[in-house]
Novice: 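Here it is, the structure, as structure tokens.
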Amino acid sequence: MNLNNTLLVVIAASAIFYGTPLLFASVGELLAERSGVLNLGVEGMMLVGAVSAFWTVQHLHGPDWVVLSAAVLVAALAATATSLIHAVLAVSLRANQIVSGLALTIFAGAAGLSSYLGNIGHLGGHPALHEFKAVDVFGLGQTPILGPLVFHQNALVYASWVLVPLAMVYLYRTRPGLHVRAVGESPETADAMGVNVAAYRYVHTLIGGALAGVGGAYFSLAITPNWVDGMTSGAGWIAIALVIFAFWRPELALVGAYLFGAFSSLAFTLQTRQVHLPPEVFNSLPYLMTILVLVFVSTGWAKRRLGAPASLGVPYVREER
Amino acid sequence: MRIERRLTTPRWLRVVVPAASLLTAFVLAGVIELVTGHDPIATTSRLIDRGFFASGALSATLVTATPLLLTGLAAAAAFRMLTWNIGAEGQLVVGAVGASGAGIFLHDQPPALIIPAMMAAGCLAGAAWGAIPGLLRAYFNTNEIITSLMLNYVAGLLISYLIFDSHSYWRDLTTFTARVFPQGKYLVPAASWPAIGAGTVVIPFGFLVGVVAAAGLFVLYRYTRFGYEVRVIGDSRAAGRYAGMRINRKIVAVMALSGALAGLGGASQIGDFRHVLDPRGLQQAGYGYAGIVVAALAQLNPFAVILVAFLLGGLTNAGYSLQGPDFPAGLVGTLQGLILFCALAGELLVRYRVRFRRLTVAPA
């Protein structure tokens, strides 16, 4: 019997595959929230990333890896530009961050700019000319159990495995990381220490945008290599929920992303195994599980207020202390 | 340049700023169109013509304005207490499920019974759907933004299931074609809500219901103890708690109220326009999200919601009817997002004053 075809291994491998975009987006959102900026525009930024990445692979010619790297870069830049709107409104103009983030999702989302760009670029209905395929690392892809999990994933999965430790080291072990946490917890203190609160908030909102863009690119270049309006179908919102689930820690975001990757993949996996249930039951699973998991983490540990930056969502104004 | 908080806000600013926001949003949308190779002036003038001036435009605009009015009120009701109900989309959908269910069940009854029953069923279904994130917020401290939003997707899947993947009460199974190409049961003519003709303009009954609801919401929030408590909690949750207000119950009540308004929008979708539970049509338009734009631009004032719903209804309706190569899909959402951005930036001008002068005395 081939171990790699057992249900558990298949589910674990696809959990990683489907969880990766959530991981990128939630690490990005986590960094923004650690600096005190709540950005509910993740869904919109992901879609802008998805559409611009897809546009790039359809129009750029060259070897796979050049085109794909360019596409991810374009996606990151486009989503960064999108997040800049939120940064200006939330940091400089002290707008309500909840409404501003929602505005970003309406502006860029399924019926907004991403759809507009997809339409004028005539992107719908064509398969991607370049896509992220699983690479067989060191020829170990067929190794029992570890093969499909560790040695047979696509380049963005490996990139995300670099990203998580980087984010951890940055947040917990470097001076700028300390400043980010200070800015998110107590901007007054950070300001008194000489940290430029606005600059930190801008930069981390933009990083959050860039990573959401990469997560979006993963949808249009790896999961379903084509362009459909609203193709992320709520992944941006699940990423925001994951930040809460992860208590604002990158290492837990990894766990959460794969957990939700598993829920998202369950529909396909079980259907190919002749489990017959209405598709709506499977498809609603990620959303229902998000609610359930959120309820679970908010009741048990919320009393100790683990993780949530104290000034999350609160604009900082020096004169009004 | 300094930005300082205003102690008093001049009345005229409350009108001028939203109007200027709307105008700025159009200019920004024009820039996007220009950059992407479309003629902004032609597009905008066609949009306005189709929305408000062309023959039959006002009637069509009211068709879109009706759900926007009710989802706008839903958002305004919730946001006033800083309870973030983002779930109007799903609440509208389950409201439509409830109303069409009532309409099918009471098919042999007179309109005087069916129509109120449909409204009640829509309200109840929407209220129940809205109360879920409310209860989770109140008693499990769960972020209502995410839970209410997740339930939008669940509601969408629920009606898909009712019509496409089950032999539910809502699905038409009487003919062979209906069994092969799934569709909902059409309601009897007696379940159609009456439309009121005013000259050449047809006013949907749901729009009038929405106007009454707006007045009701205004009175409720301005003149009742409930409304007073909602406003206190919205301004300062701590103050509300110290005053002994039951905040948890208020959260559930406000979410249910908000859901009921959105559910009424769903009932009107069935009674006024569709007369059948139509999963694709109900979700395509994104009325729930647009309601947030309406409420924000109206600064949560129920009467202003009526006006803004009418304006945005015109733009949205025109946007969808013009959709084609010259007017790509997605422009409506882009414009709505821009309007919301501009309204938010405008808030700054309402709350703060910008002074261009050097500080002469250092603050003590």
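A, B, ... follow the sequence lines: proteins, then strands. Residue 1 opens every chain. Predicted, not measured: the structure shown is a model, and the values here were computed from it.
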Novice: Could you state the interatomic distance from OH (A/Y116) to CD (B/E33), rounded to the nearest 0.5 Å?
Specialist: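 Between A/Y116 OH and B/E33 CD, I get 5.5 Å after rounding to 0.5 Å.
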Novice: Can you tell me how far apart CZ (B/F341) and CG (A/L104) are? Round to the nearest 0.5 Å.
Specialist: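 Going from the CZ atom of B/F341 to the CG atom of A/L104 covers 4.5 Å.
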Novice: Got a sec, which residues hit side-chain hydrogen bond (donor to acceptor under 3.5 Å, both in side chains) with B/E144, two or more places apart in sequence or on another chain?
Specialist: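 B/E144 satisfies side-chain hydrogen bond (donor to acceptor under 3.5 Å, both in side chains) with B/R137 once adjacent residues are dropped.
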Novice: Where on A/I238 is there a heavy atom nearer than 4.5 Å to chain B: the side chain, the backbone, both, or neither?
Specialist: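 Its backbone and side chain both get close to chain B.
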Novice: For A/I240, is it the side chain, the backbone, both, or neither that has a heavy atom closer than 4.5 Å to a heavy atom of chain B?
Specialist: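 Both parts, backbone and side chain.
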Novice: Below 4.5 Å, heavy atoms only, C-beta onward: do A/V99 and B/E347 meet side chain to side chain?
Specialist: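 No, every pair of side-chain atoms sits at 4.5 Å or beyond.
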Novice: So what's closer than 4.5 Å to chain A heavy atoms on B/I145: side chain, backbone, both or neither?
Specialist: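 The answer is the side chain of B/I145.
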Novice: Minimum heavy-atom separation for B/D165 to A/P279, with atom names?
Specialist: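 So the minimum-distance heavy-atom pair works out to OD2-CG, 3.8 Å.
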Novice: Non-hydrogen atoms of chain B under 4.5 Å away: do they reach the side chain of A/T290, the backbone, both or neither?
Specialist: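 Answer is side chain: those atoms of A/T290 sit under 4.5 Å from chain B.
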Novice: Tell me the closest heavy-atom pair linking A/I244 and B/I146, and the distance in Å.
Specialist: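 Closest approach of A/I244 to B/I146: CD1-CD1, 3.8 Å.
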Novice: Might you point out which heavy atoms bring A/S115 and B/G330 nearest each other, and give the distance in Å?
Specialist: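 Looks like OG-CA, 3.5 Å.
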Novice: If every non-hydrogen atom of B/T142 is compared with every non-hydrogen atom of A/S298, which pair is closest and at what distance?
Specialist: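 Scanning both residues completely, I find the closest heavy atoms to be OG1-OG, 3.4 Å.
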Novice: Got a donor-acceptor contact below 3.5 angstrom from the B/Y153 side chain to the A/G234 backbone?
Specialist: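 Checked: pair present.
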Novice: Taking all heavy atoms of B/A345 and all of A/L93, pick out the closest pair and write down the distance.
Specialist: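 Distance-wise, the nearest heavy atoms are CB-CD1, 3.9 Å.
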Novice: So which residue, A/N96, A/N283, A/V88, A/L288, ends up with the most heavy-atom pairs under 4.5 Å with chain B?
Specialist: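 It is A/N96.
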Novice: Determine which residues belonging to residues 83-94 of chain B lie within contact range of chain A, meaning some heavy atom pair is under 4.5 Å apart, and list them by number or answer 'none'.
Specialist: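 Checking residues 83-94 of chain B against chain A gives B/W84, B/I86.
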Novice: Checking heavy atoms, do the side chain of A/L294, its backbone, both or neither come under 4.5 Å from chain B?
Specialist: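 The answer is both parts of A/L294.
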Novice: For the atom pair OG1 (B/T36) and CD1 (A/I120), what is the distance rounded to the nearest 0.5 Å?
Specialist: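 Output value for this atom pair is 4.0 Å.
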Novice: Using a cut-off of under 4.5 Å on heavy-atom pairs, state which of A/P278, A/G44, A/G112, A/A95 scores highest against chain B.
Specialist: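 With the most close heavy-atom pairs to chain B, the winner is A/G112.
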Novice: Just how far is it from atom CD1 of A/I85 to atom CG of B/L344, taken to the nearest 0.5 Å?
Specialist: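 Those atoms lie 12.0 Å apart.
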Novice: Nearest 0.5 angstrom please: B/T147 OG1 to A/I291 CD1, how far?
Specialist: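 It comes to 6.0 Å.
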Novice: Please state whether the side chain, the backbone, both or neither of B/L338 comes within less than 4.5 Å of a heavy atom of chain A.
Specialist: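 Both parts, heavy atoms under 4.5 Å.
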Novice: For the pair A/N119 (side chain) and B/A329 (backbone), establish whether a donor and an acceptor sit closer than 3.5 Å, ignoring hydrogens and angles.
Specialist: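 Such a contact is found between A/N119 side chain and B/A329 backbone.
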Novice: Hey, could you give me the CD/CG distance between A/E280 and B/L158, rounded to the nearest 0.5 Å?
Specialist: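 Answer rounded to 0.5 Å: 9.0 Å.
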Novice: So B/L340 and A/F107, do their side chains get closer than 4.5 Å, heavy atoms only?
Specialist: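 No, every pair of side-chain atoms sits at 4.5 Å or beyond.
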Novice: Among B/L149, B/V154, B/I339, who wins on heavy-atom pairs under 4.5 Å with chain A?
Specialist: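 So the answer, after comparing B/L149, B/V154, B/I339, is B/L149.
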Novice: Side chain from CB out, backbone as N, CA, C, O: work out which of these in B/I292 comes under 4.5 Å of a heavy atom of chain A, or both, or neither.
Specialist: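 B/I292 touches chain A through side-chain heavy atoms alone.
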